[in-house]
Amino acid sequence: MLKLSETWPSMNAGLIAIDLTGQVRGRLRRLVACKLIRAAFDLLADDGISSPKRLTACPIKVLESHCNWRVAETRYRYVTAVNDRSMLDCVANENEDVLHLIVPPGKSWLAKAALCEQFGGRAPDVIAFDEFIAMRLLFSSFDRRCGLIQVKARWFEIYNRIVQTLDEQAKIAIDVRNKP
């Protein structure tokens, strides 16, 4: 079971995501990262946080694998490595809609440079995993007109709901017992 830091209420959501993914290795690390991203997307359509108005979210489609999403005409893809093969695989279908590439923390500059060199103005947008999570949860707090602590707590609940049917659930569920 993944453990939250005792200071999670004051932590940036991106740092929480880095901490949670750092508690597992290999395939489980990718799985946790992808499910955290999916839970951040699901905050768009969540009714668990009270809001003055209900947001009507675009349907979120999970594509070929659990690390590819489409929201309206925008595609998001998470990659675990920034290397020639992963970058070329990501842009293989360059005629697709807008692509946002989510890369490991601290690797966005490298991915941006490589893709701009290869594809110029057709290069996809690149954002680091931790920055994406922090931004998505921050905007969710604005959308819902509530505090980040409430949004982060709901994010954990959504994540746990997503992973509850997986065989690895006991290893990758978030222990939420120390929530305020």
Side-chain angles (χ1 to χ4, degrees), residues 1-5 7-44 46 60-71 74-92 96-116 123-143 148-149 151-163 166 168 171-176:
M1 186 161 269
L2 302 177
K3 303 287 184 201
L4 289 170
S5 167
T7 61
W8 75 262
S10 63
M11 289 174 67
N12 171 293
L15 292 177
I16 294 171
I18 290 172
D19 181 53
L20 292 171
T21 56
Q23 294 177 37
V24 290
R25 300 280 178 252
R27 186 184 68 77
L28 287 181
R29 179 175 284 183
R30 180 175 191 256
L31 182 63
V32 169
C34 290
K35 298 307 180 188
L36 288 170
I37 293 168
R38 175 59 198 254
F41 277 127
D42 283 0
L43 282 169
L44 287 168
D46 180 51
I60 299 165
K61 296 179 183 173
V62 178
L63 302 176
E64 309 86 54
S65 74
H66 64 271
C67 291
N68 282 290
W69 305 268
R70 183 180 303 281
V71 180
T74 304
R75 183 173 173 211
Y76 296 84
R77 182 167 184 181
Y78 174 71
V79 295
T80 56
V82 176
N83 55 40
D84 290 344
R85 181 175 178 211
S86 66
M87 295 298 99
L88 291 174
D89 286 349
C90 287
V91 294
E96 288 210 24
D97 300 319
V98 177
L99 173 64
H100 294 280
L101 194 58
I102 304 169
V103 299
K107 300 292 184 184
S108 60
W109 64 271
L110 178 61
K112 285 177 189 176
L115 291 168
C116 285
D125 291 326
V126 178
I127 188 168
F129 167 70
D130 55 319
E131 295 167 352
F132 176 84
I133 294 291
M135 179 189 68
R136 183 64 242 136
L137 270 65
L138 178 64
F139 287 139
S140 290
S141 73
F142 294 157
D143 292 343
L148 272 171
I149 293 174
V151 169
K152 288 185 273 191
R154 186 64 183 151
W155 176 51
F156 304 146
E157 291 170 12
I158 292 170
Y159 169 87
N160 280 342
R161 185 189 72 227
I162 290 169
V163 303
L166 301 176
E168 301 89 345
K171 294 178 186 173
I172 64 171
I174 298 172
D175 182 357
V176 293

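Predicted model, so just to flag it, every value in this text is computed and none were measured.
With rounding to the nearest 0.5 Å, the separation of CG in Leu148 from CZ in Phe142 is 7.5 Å. In this structure, NZ on Lys3 lies 12.5 Å from CG on Asp19, to the nearest 0.5 angstrom. With rounding to the nearest 0.5 Å, the separation of CG in Asp42 from CZ in Arg161 is 6.0 Å. Note: Trp155 CH2 to Leu43 CG = 9.0 Å, rounded to the nearest 0.5 Å. Distance check: Lys152 NZ to Leu138 CG gives 10.5 Å after rounding to the nearest 0.5 Å.
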Side-chain donor/acceptor pairs under 3.5 Å, residues 99-113, sequence neighbours excluded:
unit_1 : atom_1 : unit_2 : atom_2 : d
His100 : ND1    : Asp125 : OD2    : 3.4
Trp109 : NE1    : Gly106 : O      : 2.9

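Each of Leu2, Val163, Ile162, Thr21 was scored for a side chain to side chain contact (heavy atoms under 4.5 Å, CB included) with Leu36, with one residue passing: Thr21.
When the salt bridge (Lys or Arg N to Asp or Glu O under 4.0 Å) test is applied to Arg29, no partner is found at least two apart in sequence or on another chain. Every residue meeting the side chain to side chain contact (heavy atoms under 4.5 Å, CB included) condition with Thr7, not counting sequence neighbours, appears here in chain and number order: Ser5, Ser10, Met11. Not a single salt bridge (Lys or Arg N to Asp or Glu O under 4.0 Å) links Lys171 to another residue, sequence neighbours left out. Asn12 is linked by a side chain to side chain contact (heavy atoms under 4.5 Å, CB included) to Leu15, Ala134, counting only residues two or more places apart in sequence or in another chain. Arg25 is linked by a salt bridge (Lys or Arg N to Asp or Glu O under 4.0 Å) to nothing, counting only residues two or more places apart in sequence or in another chain.
Between Ala33 and Phe129, the shortest heavy-atom contact is O-CE1, 3.7 Å. What you find for Ile174 and Met1 is that their closest heavy atoms are C-CG, 4.2 Å. Nearest heavy-atom pair across Val151 and Ser140 is CG1-CB, 3.9 Å. For the residue pair Cys34 and Tyr78, the shortest heavy atom distance occurs at SG-CD2, 3.6 Å. Annotation for Ile133 and Ala13: closest pair CG2-O, 3.6 Å, computed over non-hydrogen atoms.
Under the 4.5 Å side-chain criterion, counting only non-hydrogen atoms from C-beta, Trp69 is not in contact with Thr74. Residues Asp175 and Leu4 have side chains not in contact (no heavy-atom distance under 4.5 Å, counting atoms from C-beta outward). Using a 4.5 Å heavy-atom cutoff, the side chains of Glu157 and Arg154 are in contact. Under the 4.5 Å side-chain criterion, counting only non-hydrogen atoms from C-beta, Leu31 is in contact with Leu166.
In summary, the aromatic rings of Phe41 and Tyr76 are positioned with their centroids under 6.0 Å apart.
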| task | Test Leu20 against Tyr159 for side chain to side chain contact (heavy atoms under 4.5 Å, CB included), laying out the working first. | result | CA-CA 12 Å; Leu20 292 171; Tyr159 169 87; over 6 Å; no
